[in-house]
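All ligand and atom numbering here is 1-based and tracks the order in the structure.
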Amino acid sequence: MTKSNVVLTIPEPGRSELAERPYPNFLPGYAVIRNEIAPICLEGSRIWAEHDFEFHDDPEHLGHESVGVIDDIHPGSGFRKGDRVIVFQGDHCGQCHSCRNGLSPTYCVSNLPDHGGRAMIGIEEKNDSESGGFAMAKYRIAPIANLYRIPDAVDFKYAAACNCSLGVGFSNQEIMNVRAGDTVLVGGIGFIGMGHIISALYRNATVIALMRNPYRRGLLEKMGVQHFVDPSDEDWLEQVRALTYEEQGVDHSVDGSGVPFYQEKLMAATRAYGTVNFSGHTPGAKIEFSPLHHVIDPAHQLMGQHDVRARDREHLVRALTNPDVQRMIDVMVTHEFPMSKAGEAFDVQVSKQCGKIYLHPQL
Ligand SMILES: [Zn+2]
Ligand SMILES: [Zn+2]
């Protein structure tokens, strides 16, 4: 019997379906991974509810985060069949600014549409494969350069947090230089915000959550967050400042919402020379921006990036061996579903009564 692939599709908003495809074809430099966990990212909101796609996904090509086992590989790579790996999303050219400097694969020219990149659909095209570019599938093709061997002591469940939850927060905080004793204000909290919070607590920073969702507040309390401020309170800014050293304001702020309601407050609460990180994006949302008032006057550094820089992978995976990080990931992952029941998983995601949700592509 020849092996085939099974991929998840969303043929119309609010309906998912599994579809059979040929087993992936792959070139040297790539491997085929049998996906064990595919965490849900934006598939569970804009795609499921509105069929709103970006240049790199469509109703039959879904998912970018996954961990699994190498199912097939050409000889000479340093990996073997059976190796457990994290797949860091996207293609790899090896010869662009991002690849040469150990930055995030999202900024590799082979993934950037401005440079003719086609991201994960481009992986299928380059490999002349009828399936496998994506994570919500039984089998996936990935460039060897974007695979990381998982230590034996780390379960797939923890390794799967290395993409758009803990991974994104951790890598952004390496750039922000979040250190022990710092205060980090996180606003508009979904799974990206939770990833930032796990990273900040791991670094022994003090976390203040600016949020309203009571379900998610309960999760953060379980993680160990002690300070909560409701952004609708008239004195929210005084409350935040009162929690910082000499009421200076927070050292770092992180937006997980993508909307000005939080972004403006986070910038206002950050001390002089502090860093402001944008990690959330909401389609169509725009903020009114004044270089004088938002950058020069407060001497703020504004930054953000997608995904995980390659140079941060080892320290990120080392964090996964920490029992307290594992405990916090257990809190963050509120739901797990077989991929055959992805529709139920997406409905939970839309309800916002969840942390991070994992799909199991083999089930
Ligand atoms: Zn590149
Ligand atoms: Zn993601």
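Between L27 and K126, the shortest heavy-atom distance links the atoms CD1-O, 3.3 Å.
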Tell me which donor-acceptor pairs under 3.5 Å the side chains of residues 152-160 have, and how far apart each pair is, sequence neighbours excluded?
residue : atom : partner : partner atom : Å
K157    : NZ   : D330    : OD1          : 3.0
Y158    : OH   : D330    : OD1          : 3.2
Y158    : OH   : D330    : OD2          : 3.0

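In this structure, K265 forms a cation-pi arrangement with F261, its terminal cationic atom sitting closer than 6.0 Å to the ring centre and no more than 45° off the ring axis.
Within the protein, the N, O or S atoms lying under 2.8 Å from the Zn ion (ligand 1) are C93 SG, C96 SG, C99 SG, C108 SG. Excluding waters, the protein N/O/S atoms found under 2.8 Å from the Zn ion (ligand 2) are C41 SG, H64 NE2, E65 OE2, C164 SG.
Residues H51 and F53 bring their aromatic ring centres within 6.0 Å.
The closest side-chain donor-acceptor pair between Y23 and D72, if any, does not fall under 3.5 angstrom. In this structure, a donor-acceptor pair under 3.5 Å is present between the side chains of N146 and R313. The closest side-chain donor-acceptor pair between T244 and R271, if any, does not fall under 3.5 angstrom. Between the side chains of Q305 and S104, no donor N or O sits under 3.5 Å from an acceptor N or O.
For residues 45-64, the salt bridge (charged side-chain N to carboxylate O under 4.0 Å, His left out) pairs, not counting sequence neighbours, are R21-E60, R46-E54, R46-D57.
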